[in-house]
Amino acid sequence: MLWVKVFHIVFITGWFAGLFYLPRIFVNLAMVPEGSLAERERLLVMARKLLRFSTILAVPAVGFGLWLWLAWGFGQGQGWVHGKLFVALATVGYHHGCARLLRKFEAGGDLHGHVWYRWFNELPLLLMLAAVTLAVVKPF
């Protein structure tokens, strides 16, 4: 079971690295001046590749997490496991939200200003902080 934990942590780390940087690309996309098509296209290519890479890492991260969850018997009597499951689902939702935002950027839309994307960029840090706190401290 320790190897499953190791692989879970490694894939989670890679997945979060992508989630930390992808919204940063959105910040830059929101700041591209009108008419700067080459810069916009370069950032879109970077975002597409990073989303693809992050998705590839997310699949085994979630798979190893489910393996651990099943091994603990669905976390019976361990409230922190249910909290961590909620954080994991929120992270998957955030990942999906990033994919939707990228599709909107590709369609030519810019829904928000760069300041909004800067705040959006902070969410994965809070998610990771919550997950690590729940797994290490086990507050409930």
Side-chain angles (χ1 to χ4, degrees):
M1 209 36 104
L2 291 177
W3 283 106
V4 175
K5 282 185 183 181
V6 166
F7 288 119
H8 179 60
I9 292 168
V10 167
F11 283 107
I12 286 290
T13 303
W15 180 23
F16 267 93
L19 292 180
F20 289 148
Y21 195 67
L22 184 58
R24 194 66 212 152
I25 296 174
F26 295 161
V27 170
N28 293 326
L29 275 165
M31 295 175 65
V32 170
E34 265 188 61
S36 186
L37 299 177
E39 181 181 2
R40 180 177 172 75
E41 188 54 37
R42 180 178 47 83
L43 289 168
L44 285 172
V45 167
M46 288 172 55
R48 275 186 224 110
K49 288 181 178 183
L50 186 56
L51 179 64
R52 190 175 313 119
F53 180 71
S54 296
T55 302
I56 290 168
L57 294 172
V59 171
V62 170
F64 284 117
L66 286 173
W67 188 347
L68 291 167
W69 185 53
L70 291 171
W72 277 316
F74 301 104
Q76 294 172 343
Q78 300 173 342
W80 69 270
V81 175
H82 300 294
K84 191 164 178 275
L85 179 62
F86 175 78
V87 172
L89 291 173
T91 304
V92 170
Y94 183 85
H95 185 104
H96 178 70
C98 285
R100 289 187 67 204
L101 286 170
L102 178 56
R103 283 193 299 274
K104 289 181 181 182
F105 270 116
E106 289 173 329
D110 181 8
L111 305 172
H112 308 285
H114 68 92
V115 174
W116 187 91
Y117 290 108
R118 288 177 197 276
W119 283 103
F120 182 73
N121 187 40
E122 301 304 322
L123 291 176
L125 177 62
L126 297 175
L127 290 167
M128 181 177 254
L129 178 63
V132 170
T133 301
L134 287 166
V136 173
V137 177
K138 297 176 177 61
F140 48 88

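On a predicted model such as this, the values are computed, not experimentally measured, just so you know.
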- [ ] Verify the cluster assignment for L85 and V136: are they in a single hydrophobic cluster under the rule of side-chain heavy atoms below 4.5 Å apart?
- [x] yes
Task: Same cluster (ILVMFWY, side-chain, under 4.5 Å), F86 and I12 - done: no
TODO: Would you give the length of the straight line joining atom OG1 of T13 to atom NE2 of H8, rounded to the nearest 0.5 angstrom?
DONE: 9.0 Å
TODO: Taking the side chain as every heavy atom from C-beta outward, state whether N121 and F26 have any pair of such atoms under 4.5 Å apart.
DONE: no
Task: Heavy-atom pair with the smallest gap, counting every atom of A47 and L102 - done: CB-CD1, 3.6 Å
- [ ] Decide whether L123 and W15 are clustered together by the hydrophobic rule: side chain heavy atoms of Ile, Leu, Val, Met, Phe, Trp, Tyr closer than 4.5 Å, transitively.
- [x] yes
TODO: Specify whether F16 and F20 have parallel, tilted or perpendicular ring planes, treating 30° as the upper limit for parallel and 60° as the lower limit for perpendicular.
DONE: tilted
Open item on the list: On a heavy-atom basis, which atom in L29 and which in R40 lie closest, and how many Å separate them?
Closed with: CD2-O, 3.8 Å
- [ ] State, yes or no, whether a side-chain contact exists between L43 and F105 at a heavy-atom distance under 4.5 Å.
- [x] no
- [ ] Evaluate whether atom CH2 of W80 has more than 12 neighbouring non-hydrogen atoms of other residues, nucleotides or ligands under 6.0 angstrom away.
- [x] yes
Task: Student check: side-chain heavy atoms of L44 and I25 closer than 4.5 Å - done: no
- [ ] Check whether V4 and L70 end up in the same hydrophobic cluster, where Ile, Leu, Val, Met, Phe, Trp and Tyr are linked by side-chain heavy atoms less than 4.5 Å apart.
- [x] yes
Task: Y21 and F53 aromatic centres sub-6.0 Å - done: no
- [ ] Supply the atom-to-atom distance L57 CG to H95 NE2, rounded to the nearest 0.5 angstrom.
- [x] 9.5 Å
TODO: Kindly indicate whether the side chain of L101, heavy atoms from C-beta on, has any atom under 4.5 Å from the side chain of Y117.
DONE: yes
Task: Residue pair P23 / C98: nearest heavy atoms and the distance that separates them - done: CG-SG, 4.3 Å
TODO: Would you list the pairs meeting salt bridge (charged side-chain N to carboxylate O under 4.0 Å, His left out) in which at least one residue belongs to residues 44-71, sequence neighbours left out?
DONE: E41-R48, R48-E106
Task: Euclidean distance, T91 OG1 relative to L126 CG, rounded to 0.5 Å - done: 10.5 Å
Open item on the list: Check this for me: W119, atom CH2, are more than 12 non-hydrogen atoms of other residues, nucleotides or ligands nearer than 6.0 Å?
Closed with: no
Open item on the list: Tell me whether Y94 contacts the main-chain N or O of F120 through its side chain, where contact means a donor paired with an acceptor under 3.5 Å.
Closed with: yes
Task: Path from F7 to I56 over hydrophobic side-chain contacts below 4.5 Å - done: no
Open item on the list: Could you measure the distance from the CZ atom of R118 to the CE atom of M31? Nearest 0.5 Å is fine.
Closed with: 5.5 Å
Open item on the list: When you compare the side chain of P139 with that of L134, does any pair of heavy atoms fall below 4.5 Å?
Closed with: yes
- [ ] Could you pull out the closest heavy-atom pair between G79 and F140, with the gap in Å?
- [x] O-CE1, 3.2 Å
Open item on the list: Side chains of R100 and H96 only: does a donor on one sit below 3.5 Å from an acceptor on the other?
Closed with: no
Task: Side chains of H114 and N28 in contact at under 4.5 Å (non-hydrogen atoms) - done: no
Task: Non-hydrogen atoms of A30 and H112 that approach each other most closely - done: CB-O, 4.0 Å
